[in-house]
Protein chains: 4
Amino acid sequence: MNKRELQRQQTRATILTAADHIYAAHGFIRPSTQMIAKEAGVAHGTVFLHFQSQEKLILAVIEHLGMALTAQIHEASEPGHSLSDILRTHLDAIEASEALYTHLILDLPQLPEEAQQTVIGIQSVIAHHMDQVIGQLKKEKKIKDLSFSFLFTTWIGLIHYYLMNRRLFAPHGSVLAFYKDQLIANFIKLLEVDCK
Amino acid sequence: MNKRELQRQQTRATILTAADHIYAAHGFIRPSTQMIAKEAGVAHGTVFLHFQSQEKLILAVIEHLGMALTAQIHEASEPGHSLSDILRTHLDAIEASEALYTHLILDLPQLPEEAQQTVIGIQSVIAHHMDQVIGQLKKEKKIKDLSFSFLFTTWIGLIHYYLMNRRLFAPHGSVLAFYKDQLIANFIKLLEVDCK
Amino acid sequence: MNKRELQRQQTRATILTAADHIYAAHGFIRPSTQMIAKEAGVAHGTVFLHFQSQEKLILAVIEHLGMALTAQIHEASEPGHSLSDILRTHLDAIEASEALYTHLILDLPQLPEEAQQTVIGIQSVIAHHMDQVIGQLKKEKKIKDLSFSFLFTTWIGLIHYYLMNRRLFAPHGSVLAFYKDQLIANFIKLLEVDCK
Amino acid sequence: MNKRELQRQQTRATILTAADHIYAAHGFIRPSTQMIAKEAGVAHGTVFLHFQSQEKLILAVIEHLGMALTAQIHEASEPGHSLSDILRTHLDAIEASEALYTHLILDLPQLPEEAQQTVIGIQSVIAHHMDQVIGQLKKEKKIKDLSFSFLFTTWIGLIHYYLMNRRLFAPHGSVLAFYKDQLIANFIKLLEVDCK
DNA sequence: GATGAATGAGCGTTCATTCAT
DNA sequence: GATGAATGAACGCTCATTCAT
């Protein structure tokens, strides 16, 4: 890689990071490209030199987030993990990009198709890991006999609900950091076959 | 009521209905007041004759939705209702305004404070009814001993998740119409103390 | 005059008075016809029933002011008046409508031709009275031999300057009430042939 | 200075000059930013690229005028100047921007605070010069013993009166060009101690 | 490759005026 | 005669995008 190309990649990364911060703070819809250029410390036009359009920039940020999440989940996952381990891995990954991920969820219907594909991609990774363990637990009759897709949706719905109301639940920090343990414990209790 | 006042009310209603349709289709943030005027078949300025500002119009639509939902839930509720009845009442009410309600949930963080109060109001109505029955079922040891707030959040999270992904789950119709029965049945099964 | 006509005249007067107050407070340019209707306690359309257009209403207010001023000056003027008496009469008349008169002066260039005619009319009345006395004093060599038009312009310029800066000179009341005596005394001293 | 910066400055100057012309012709209040853009031959949005808001543009024009006036007065002033010289300097300076200065005076109450500061600044410059000479003349008993502030106000009032009625006094040109000599001569005669 | 000035369509909102009631 | 709902042109301002430098 020559020096020119290196410089180019660095500028691109600078813009991407700036966009990351701005979108995490204000969502994908409201901030202007001008705002991102200022945050990145580059000229307004430079944004469009590296990203064909605002839409492409947004998609790049989202894809970057998707890659980060799936990578982190993969890395943290090991064969012998319990359900609790997997759920924790999921929440740890999201917590690292909590604000941005939350805006991705919220703004999704206003974002281009490709963004939805990314979200689907993220979810299928975690779904895959969950399915492994849950399938096994079902066989062992340790958890209720409900379709995996329903259980998965319940989990995701619960997490997303907390994220969407993060300002309410945890005004000055991370909701997940606060409620992670409780969420995992309660969710598992909900699945368990419980005979007293 | 004289003819003048009648016509005024009709125009107001026309605009409100138009806004209802437009916001249901595109969310609260993107559509312009111009767009709503066109849909209503009135001059652009007329919108502001009936609603002080765009914000006030949005709040009027939201409040209207809130009243419709709570009214419907109240009407359909009866003393002896089972948990299943209550959940169905909830979903029936939302289904009637599915698209608009979904956008309310999604755009909430970008909407004024008052909108959040409306959502809280809606949820406390359904929470109240659920709490009654769930409290009783807990005493009878028929459902798991988990805090009501967690169970409620799980239910709301589940429903909202389906709503937010309605285009995916039910591209050309109502998600709730499709999944209502299944959602209720599965959710109840999840709560039950299950000893086979 | 029949009852119908009487009612009509009363409504017209109500609007005129309301416009008077509003224009005195905010000038002729900024206030909307809506604002005047509200102040008058009549429907917006009623303004246009009595005054063909906003411009005509403004002109009516101005003409009314002109008539009030010239009438008051005429009434207060007597054959044997000194220069001091005449200047005082002038200022007394303006003081009674200080705010409105000031806005007339200030907004004049943005107002229709007819408004300028009214101002000219007011000034020729006071000019006429001043000319009488000043002519006599000049013959008696008691005041400087300067053209009447210059002396008159100096006087008017001085008064208008104080009026235009009334917020600066007298933030919470009438400038003329405050400075009247001083202005008259100084102006006369300026005209006098002064040999010590 | 590189070409880029040069062009930017030129566009800014073009807009400022256009605003200058438009405001001189129609006052500060009525013309739209659209009108100024058209006069300048730039897109409407370009105006806001160079000036944050309409208010800022107006203030820039006014400040530019203030600097031009005070600079010209300073340059033309010399230690040994007579009262006549100083008054002429004052009128020469105003004459160069007669129309714009007149609108500044007229629209002042509707303009932001900063505009008033500019006017005060202009007037204190001329007041300072006048005070020097008039103080001396008073000591020499050559002019009447009236407070400087009254004499200054009389002068400013006189000039402003001519300016405000410039369309009447000099429909197709500069009032000051026409009446300058006469105004100065008459004003001086008014101040003089006159014993024949 | 980077810049940032320029564009022009679009936004929410105001207002004098009209006219059916 | 009085009403006030409706109009639509105009306003100040924002913004993604282009392109000469």
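The sequence lines fix the lettering, A, B, ..., with proteins before strands; numbering per chain opens at 1.
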What residues, two or more places apart in sequence or in another chain, satisfy ring pair (Phe, Tyr, Trp, His ring centres under 6.0 Å) together with D/Phe48?
-> D/His44
Take atom CD of D/Gln10 and atom P of F/dA20, then tell me their distance rounded to the nearest Å.
-> 18 Å
Residues two or more places apart in sequence or in another chain: which of them pass side chain to side chain contact (heavy atoms under 4.5 Å, CB included) with B/Asp107?
-> A/Gln110, B/Phe28, B/Ile29, B/His103, B/Leu111
Which residues in residues 18-34 of chain B have at least one heavy atom lying under 4.0 Å from any atom of DNA chain F?
-> none
List in chain and number order the residues that pass side chain to side chain contact (heavy atoms under 4.5 Å, CB included) with C/Leu106, two or more places apart in sequence or in another chain; answer none if no residue qualifies.
-> C/Thr102, C/Met164, D/Pro109
4.5 Å side-chain heavy-atom contact, D/Val61 and D/Leu100 = yes
Given protein heavy atoms under 4.0 Å, the one-letter contact record of nucleotides 4-9 of chain F, with B base, S sugar-phosphate only and - none, is simply BSBBB-
Between B/Lys3 (NZ) and E/dT21 (P), how many Å, whole number?
-> 5 Å
With sequence neighbours left out, what residues match D/Thr17 under side chain to side chain contact (heavy atoms under 4.5 Å, CB included)?
-> D/His21
Nearest-Å distance for atom pair CD1/C1', residues D/Ile36 and F/dG12 | 12 Å
Would you mind reading off the distance between D/Phe48 atom CZ and E/dA9 atom P, rounded to a whole angstrom?
-> 16 Å
State which residues pass side chain to side chain donor-acceptor pair (under 3.5 Å) with D/Tyr23; sequence neighbours excluded, sorted by chain then number.
-> none
Check: B/Ser32 side chain, B/Met35 main-chain N or O, donor-acceptor pair, under 3.5 Å | yes
Taking everything shown except D/Glu63 itself, do over 12 heavy atoms lie less than 6.0 Å from its CD?
-> no
What residues form a salt bridge (Lys or Arg N to Asp or Glu O under 4.0 Å) with A/Glu39, not counting sequence neighbours?
-> none
Decide yes or no for D/Leu57 and D/Leu16: does some side-chain heavy atom of the first lie under 4.5 Å from some side-chain heavy atom of the second?
-> yes
Sole residue of B/Arg12, B/Glu5, B/Gln7 in side-chain hydrogen bond (donor to acceptor under 3.5 Å, both in side chains) with B/Gln9 = B/Glu5
Can you tell me the distance, in whole Å, between the NZ atom of C/Lys38 and the C1' atom of E/dT14?
-> 14 Å
Please list, chain by chain and in numerical order, all residues satisfying side chain to side chain contact (heavy atoms under 4.5 Å, CB included) with D/Ala40, sequence neighbours excluded.
-> D/Thr14, D/Ile15, D/Ala18, D/Val42
Interatomic distance, D/Gln52 CD vs F/dC15 P [rounded to whole Å] = 13 Å
Which pairs with one or both residues in residues 50-62 of chain A pass side-chain hydrogen bond (donor to acceptor under 3.5 Å, both in side chains), sequence neighbours excluded?
-> A/Gln52-A/Lys56
Which parts of residues 55-65 of chain B get close to DNA chain F, meaning a heavy atom less than 4.0 angstrom away?
-> none
Annotated structure of DNA chain F as dot-bracket, pair cut-off 3.5 Å, Watson-Crick or G-U only, | for inter-strand, is .||||||||||||||||||||
